[in-house]
Amino acid sequence: MSSLEVISKDNQKIAVKLSGVPLQYANALRRVCLNGVPVFAIDTVDIIENSSVLPDEGLAHRLGLIPITTDLGRFNEPSKCQCQSEAGCSNCKVMLVLDSGDSDVTRTILSNELSSEDDSIKPVSDKIPIVQLAPGQRIKIECYARLGRGTEHAKWNSANISILTDTDKEDVKVLTVESTGSLNPEQIIISGVDEVSNRLGQFKDMIDTIEE
C-alpha cells in the first residue's frame, strides 16, 4: 500500500515520507515539484522610461526573477484560459506598475514599489533590490505576470530545491521541497501529486489510442 506522510514542514520547506511508491513515480513527483507546478512570474515588461545605468533588457530580466505569490484557484494558465487571447484577460494575467518618481539622492528601488492590480499577486518579499538610481534618474514601467512552468523558464520554478533521499528501508524515500515563496510547500506537493496523476492519465489514453 502506497502512502505519503508529512515528516516536517514550515513556511518554506516540507519533508514527506513516501512509502511503497516505485522509484520512477517518486522521481517524477520530485521533478514536477521543482518545475512542473505553475506559478506566477513577470513575463512582459513595457518600459515607459528608464534613465538608470541598467539597460532595458537587464531591468526586464531582474523583474522576471522576482518570485510572485500565486493563487492557483483563481487564475488559469494562458493556454487553458477561455479568452484564448495573446493579450490575456483578468483570469490569466495581472498587471504590476512601478514609477520611481524623481529623486535628488541615490536610492535603491525595491520590490515593495511594484504595485499590483490584484492584492493576491505580488512579490513574495518587499526587500528585493531591482535597480539603484542616482540623483535625476528614474524608471517607469508596466509589467504583466502570468502563470508558467519551470520547464519553460527557470523563473517559473515553484521550488528552489526538490530532492529525493533514501532511508534505511528499501521502499521508503524522503522527498524534501523548498518553496520559492510563490506557493507554500504543502501546495507544491499536493499540486505535484495531481500533476503526476494527470500526466499518467494522459499517457494511458495515448497508449489506449495506439492499441485501438
Does atom CD (Q24) have a neighbourhood of more than 12 heavy atoms from anything else shown, all under 6.0 Å? yes
Would you call E152-R146 a salt bridge at under 4.0 Å N-O? yes
Between V32 and R199, what is the shortest heavy-atom contact and its length? CG2-NH1, 3.8 Å
Note: R31-E195 ion pair, threshold 4.0 Å (strictly below): no
Can you name the closest pair of heavy atoms from T180 and V124 and give their distance? O-CG2, 4.1 Å
Scanning both residues in full, the closest heavy-atom pair of A26 with L164 reads CB-CD2, 3.8 Å
Residue D10 excluded, over 12 heavy atoms near CG under 6.0 Å: yes
List the steps, then state whether side-chain contact (heavy atoms from CB on, under 4.5 Å) holds for S182 with S158. CA-CA 7 Å; S182 295; S158 53; over 6 Å; no
Side chains of S179 and K13, heavy atoms from C-beta outward: is any pair under 4.5 Å? no
Taking atom types as modelled, find out whether Q187 and N184 have a side-chain donor-acceptor pair closer than 3.5 angstrom. yes
Is any side-chain N of the basic residue among R74 and D118 closer than 4.0 Å to the acidic one's carboxylate O? yes
Sub-4.5 Å side-chain heavy-atom contact between L72 and S191: yes
Tightest non-hydrogen contact, residues N157 and G150, listed as OD1-CA, 3.1 Å
Check: S120 main-chain N/O paired with T69 side-chain donor or acceptor under 3.5 Å: yes
Give a yes or no on whether the backbone of L23 and the side-chain of N27 come within a donor-acceptor separation of less than 3.5 Å. no
For the residue pair T106 and P135, establish whether any side-chain heavy-atom pair is separated by less than 4.5 Å. yes
Heavy atoms of other groups near K122 NZ, more than 12 under 6.0 Å: no
Shortest non-hydrogen separation from I189 to L4 and the atoms involved: CG2-CD1, 4.2 Å
Contacts satisfying ring pair (Phe, Tyr, Trp, His ring centres under 6.0 Å) that involve residues 32-67 (not counting sequence neighbours) are F40-F75
Taken to the nearest 0.5 Å, the spacing of N35 CG from R30 CZ works out to 8.5 Å
Which heavy atom of G192 sits nearest to which heavy atom of L29, and what is that distance? C-CD1, 3.5 Å
d(N50 CG, I139 CD1) to nearest 0.5 Å is 6.5 Å
